[in-house]
Amino acid sequence: MSPATAHAYTDTAESCGHPTHPEVFLSDIHGEYRAFSHLLRNGCGAIRGAINELFADAEEADRAQLASLIYYPEEKLADNPQLTSALPQVMSVLAYFDASKTPDQATQAFPADASDADQLIAAAQAIQYLSIKRLHVVGDIYDRGPAPDRIMDVLATYPQVDIQWGNHDIVWMGAALGQRGCVANVVRICARYGNLSILEDTYGMDLSALTDFALSAYADDPCVAFGLKGNPGFSEEELTRNVKIQKAMAIIQFKVEATHIADNPSFGLESRNLLHQIDYEKGALTLDGVEHELTDKVFPTIDPADPYALTPEEEQVIASLCETFASCQRLQDHMQVFLNRGSLYKIVGNTLLFHACVPLNADGSLKEVNLFGETLSGKALFDAVDAHVRDAFCATDPEAAKKGRDLLWYLWLGEGSPLFAKSKMATLELYLITDKAARKEVKNPFYTLYENEEVLKGIFTDFGMDPDTSHIVCGHVPVKVKDGENPLKCGGKVIVIDGGMSEPYQKTTGVAGFALKADEEGLALAPLTPLPSVPEAIAGENDILPVFEQVAAANA
């Protein structure tokens, strides 16, 4: 029996059932499919709560086994077919989440000729869909972790979901359209984190031309400043390939971005052109009157007399990559999920959802941003950005489409971007300069002023919301729980739910992400624990059971 049967059941159910159904908010998933999938399978803890309520007298081991059976029915039945004997209990859980039916009526909703195993699998999947009233993904599905594509596959068919675009999502959206700056950034980041397999294996992209170029152009170059962020167990050959590709793409990125900067003077990014300020004989770069020795002085593809000119080989590489991204149907399908189910922001009741920030000035006023000659701030800025992003994909006017594509790149690294939220993207400095002051990326004042109730009042008023009862839910900046940082700002008016779901961030946060839920009682937040491998979770009947703490009462 296919998952479509479970979908059909949820479509025909008269009610989404039990009043404890939560809406769930997750952010900054960053390719961490295992934990993400498990949280959907267990209803963010709601299914285990139902089991504990329905079968309070049962042994803990039996409740854990029933929960695991509902989360992973096919896998559990494959290992132990006798578990079909739990079908009545599974139907009781289904009736718990669909208040319109008794357990017997829930059973009758499935085809009469279905086997017990097929009924159990379909019922378990229906429970998973029904247990979460709506899923809100507050940005950053891509980069860092290994399986963003599997997350996108889930979101493409999940019954009730919306997505607020994150900065890492938006750069992939631009890359899918062949925007050169976005393509260069995506490939460079994949190489930096040892994730080129996402491009090659997941999306079937041929990177042989890039590999040949990088290994040839940087053959005798140790690429000392371009080590990987972590080592995923690569062989020496694989490590060398990733390092050299990373450097090749970084240099191409600095060059093609200069063209985007020239094409879009309203972006105000001229100060980010740094290649012409390097003294290539000395191997030094002067910034704000301070001369910095470069950590890497080998630039075989840069002509000091014309540093932003692509070599013929670099031009061939970036042109080939852009065509590869634009012609990848699986990637295009995933980007359509962002368009169809996503937006820059969303207002849900009295909660404003966005990934990073509302750009502010130091005095707390809304920052004015120049987009193609139009000065915008606050909600008007968000609405214009959302419209330009859709133009990038859908506009029939070539000029409007190009503006949209270039804006996707700007949203990744521009000071006025609601998704970047910093003074500059110091990529070149991070690679080539050791002085932390020169590398510093200053956060937008939003990140200090979100503790100021008057500033938040201005934001809520601008978005047409009641300042006394409204909340902001955002992610983007990992909350350092291990250092005592509180995800609740301004007494809970702002809730930052980036807790490092993806493993590379967990050393920073000390947790494995956050789950926020909204139900009839209000908003509640829980830190998450890491999930072992899925086979271990199934065999050991391990679980992620969020322990929620109320952070806001309903309508407060």
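In this text the structure is predicted, and so the values were computed from the model without any measurement.
- Between His476 and Phe420, a ring centre-to-centre spacing not shorter than 6.0 Å is recorded.
- By the neighbour-count criterion of 12 heavy atoms within 6.0 Å, atom CD of Glu541 is densely surrounded, having more than that number from other residues, nucleotides or ligands.
- At least one donor-acceptor pair under 3.5 Å links the side chain of Thr509 to the backbone N or O of Gly499.
- Between the side chains of Gln329 and Asp333, at least one donor N or O lies within less than 3.5 Å of an accepting N or O.
- Counting heavy atoms of neighbouring residues, nucleotides and ligands inside a 6.0 Å radius, atom NZ of Lys229 does not exceed 12 of them.
- In this view, Gln179 and His260, Asp406 satisfy the side chain to side chain donor-acceptor pair (under 3.5 Å) rule, not counting sequence neighbours.
- For the residue pair Asp143 / Trp172, a side-chain donor-acceptor distance below 3.5 Å is found, with atom types taken as modelled.
- Annotation: side-chain contact (heavy atoms from CB on, under 4.5 Å) contacts of Ser533 (sequence neighbours excluded): Arg34, Pro535, Glu536.
- Other residues, nucleotides and ligands place no more than 12 heavy atoms under 6.0 Å from the CD atom of Glu549.
- Between Ile472 and Lys493, every side-chain heavy-atom pair lies at or beyond the 4.5 Å cut-off.
- Within a 6.0 Å radius of CD in Glu485, other residues, nucleotides and ligands contribute more than 12 heavy atoms.
- Geometric assessment of Lys517 against the ring of Phe548 yields a positive cation-pi assignment under the 6.0 Å and 45° thresholds.
- No hydrogens or angles considered: a donor-acceptor pair under 3.5 Å links the side chains of Tyr345 and Asp383.
- Here Tyr142 and His168 keep their ring centres 6.0 angstrom or further from each other.
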Donor-acceptor list for residues 78-87 side chains, cut-off 3.5 Å, not counting sequence neighbours:
residue	atom	partner	partner atom	Å
Asn80	OD1	Gln82	N	3.1
Thr84	OG1	Pro81	O	3.2
Ser85	OG	Gln82	O	3.0

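- No side-chain donor from either of Gln164 and His136 sits under 3.5 Å from a side-chain acceptor of the other.
- Between Pro532 and Asn542, the closest heavy-atom pair is CG-ND2, 3.8 Å.
- Nearest heavy-atom pair, Leu177 versus Ala392, reported as atom, atom and distance to 0.1 Å: CD1-O, 3.5 Å.
- Side-chain contact between Ile198 and Pro148 is present, with heavy atoms from C-beta onward closer than 4.5 Å.
- Annotation for Arg41 and Tyr71: closest pair NH1-O, 2.7 Å, computed over non-hydrogen atoms.
- Side chain of Arg341 to main chain of Tyr158: a donor-acceptor pair is present (N/O by atom type, distance under 3.5 Å, no hydrogens or angles).
- For the 3.5 Å distance criterion, the side chains of Asp153 and His334 qualify, holding a donor opposite an acceptor.
- No donor-acceptor distance shorter than 3.5 angstrom exists from the side chain of Glu451 to the backbone of Thr448, with no hydrogens or angles considered.
- The only member of Leu531, Ile141, Leu155 that meets side-chain contact (heavy atoms from CB on, under 4.5 Å) when paired with Phe36 is Leu155.
- Between Tyr193 and His30, the side chains place no donor N or O within less than 3.5 Å of an acceptor N or O (distance only, hydrogens not considered).
- No side-chain donor-acceptor contact under 3.5 Å links Asn350 and Asp466.
- Using a 4.0 Å cut-off between charged side-chain N and carboxylate O, Glu53 and Arg63 make no salt bridge.
- The heavy-atom pair separating Ile132 from Cys44 by the smallest distance is CD1-N, 4.3 Å.
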